[in-house]
Amino acid sequence: MKNIILIGMPSAGKSTVGVLLAKKLVMEFLDTDLVLQSESGKSLSEMIEETGEDAFLLCEENALKNVSCTNTVVATGGSAVYSDAGMAHLKENGIILYIKLDEGEVADRVGNLHSRGVVLHGQKTLDGLYRERTALYEKYADCTADVTGCTVGEALERLLAAVRPFL
């Protein structure tokens, strides 16, 4: 079975609901943020603070291009969509599922962008970041699940409904 690649804003539920999606579909689960942290021995925020956003994005791109799996739900970092090469590699053997969450709910969930390890990509506000990334998520998505206002269980059902036609 092809991979299911999850993209979306930080706090959209890629890791949380991704694990449940993998269990439901009897698939493996991979979180590229955890791969980066494991390889560096540092949190995402430490990596960004110590090396800068450009170096972090290069590390993230390399991690995306090195994903080699099948039958796996892959949760990407929210900034994965800044890498055309990384996204192209993931799409070769995967369905790209955009987990959409409205900006207000992202703001409520995400907390401090810097301490969470969010790449701001030159944006000064969450609003600017949200608008910039939403266009990229929509560009790469094969399907979308809007999970605004959903419980975890409801979000899982929406993800299942979105990917079912591709399975």
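When a residue number appears, it is its place in the shown sequence, counting from 1. Excluded from the calculations below are hydrogen atoms, water molecules and symmetry mates; all remaining heavy atoms, backbone and side chain alike, are included. Note that the coordinates shown come from a computational prediction; the quantities given were computed from them, not determined experimentally.
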What do you reckon, is CG of Asp54 surrounded by more than 12 foreign heavy atoms closer than 6.0 Å? no
If you count heavy atoms of other groups shown closer than 6.0 angstrom to CD of Glu49, is the number above 12? no
Applying side chain to side chain contact (heavy atoms under 4.5 Å, CB included), can you list everything that pairs with Glu154, at least two apart in sequence or on another chain? Cys150, Thr151
Counting C-beta onward and ignoring hydrogens, is there a side-chain heavy-atom pair between [X] and [Y] closer than 4.5 Å?
{"X": "Leu101", "Y": "Met9", "value": "no"}
{"X": "Thr148", "Y": "Lys100", "value": "no"}
{"X": "Val163", "Y": "Cys143", "value": "yes"}
{"X": "Ile4", "Y": "Leu167", "value": "yes"}
{"X": "Lys91", "Y": "Ile5", "value": "no"}

Spacing of [atom1] belonging to [X] relative to [atom2] belonging to [Y], to within rounding of 0.5 Å:
{"X": "Leu30", "Y": "Met27", "atom1": "CG", "atom2": "CE", "result": "11.5 Å"}
{"X": "Ile96", "Y": "Thr76", "atom1": "CD1", "atom2": "OG1", "result": "8.0 Å"}
{"X": "Leu6", "Y": "Leu21", "atom1": "CG", "atom2": "CG", "result": "6.5 Å"}
{"X": "Asn71", "Y": "Asn3", "atom1": "CG", "atom2": "CG", "result": "7.5 Å"}
{"X": "Leu136", "Y": "Ile7", "atom1": "CG", "atom2": "CD1", "result": "8.5 Å"}
{"X": "Ser79", "Y": "Glu60", "atom1": "OG", "atom2": "CD", "result": "3.5 Å"}

Starting from Val26, can I reach Val19 by hopping between I/L/V/M/F/W/Y residues whose side chains sit under 4.5 Å apart? no
ILVMFWY cluster, Leu58 and Ile48 together (side-chain gap under 4.5 Å):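 No, no single cluster joins them.
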Ignoring hydrogens, what is the shortest heavy-atom contact between [X] and [Y]? Give both atom names and the distance.
{"X": "Thr51", "Y": "Phe56", "answer": "OG1-N, 3.9 Å"}
{"X": "Val147", "Y": "Ala12", "answer": "CG2-O, 3.8 Å"}
{"X": "Asp31", "Y": "Ser15", "answer": "OD2-OG, 2.5 Å"}
{"X": "Thr32", "Y": "Gly77", "answer": "OG1-N, 3.4 Å"}
{"X": "Glu138", "Y": "Tyr98", "answer": "CG-CE2, 4.0 Å"}
{"X": "Ala162", "Y": "Leu97", "answer": "CB-CD1, 3.8 Å"}

Side chain [X], main chain [Y], donor-acceptor under 3.5 Å:
{"X": "Ser38", "Y": "Leu34", "value": "no"}
{"X": "Thr72", "Y": "Val74", "value": "no"}
{"X": "Lys14", "Y": "Gly8", "value": "yes"}
{"X": "Glu105", "Y": "Asp102", "value": "no"}

Qualifying ring-ring contact (aromatic ring centres under 6.0 Å, His included) pairs, either residue in residues 65-95, two or more places apart: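 Passing the test, one end in residues 65-95: Tyr82-His121.
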By the ring-ring contact (aromatic ring centres under 6.0 Å, His included) test, which pairs, at least two apart or in different chains, include something from residues 58-78?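 Output for this query is empty, none listed.
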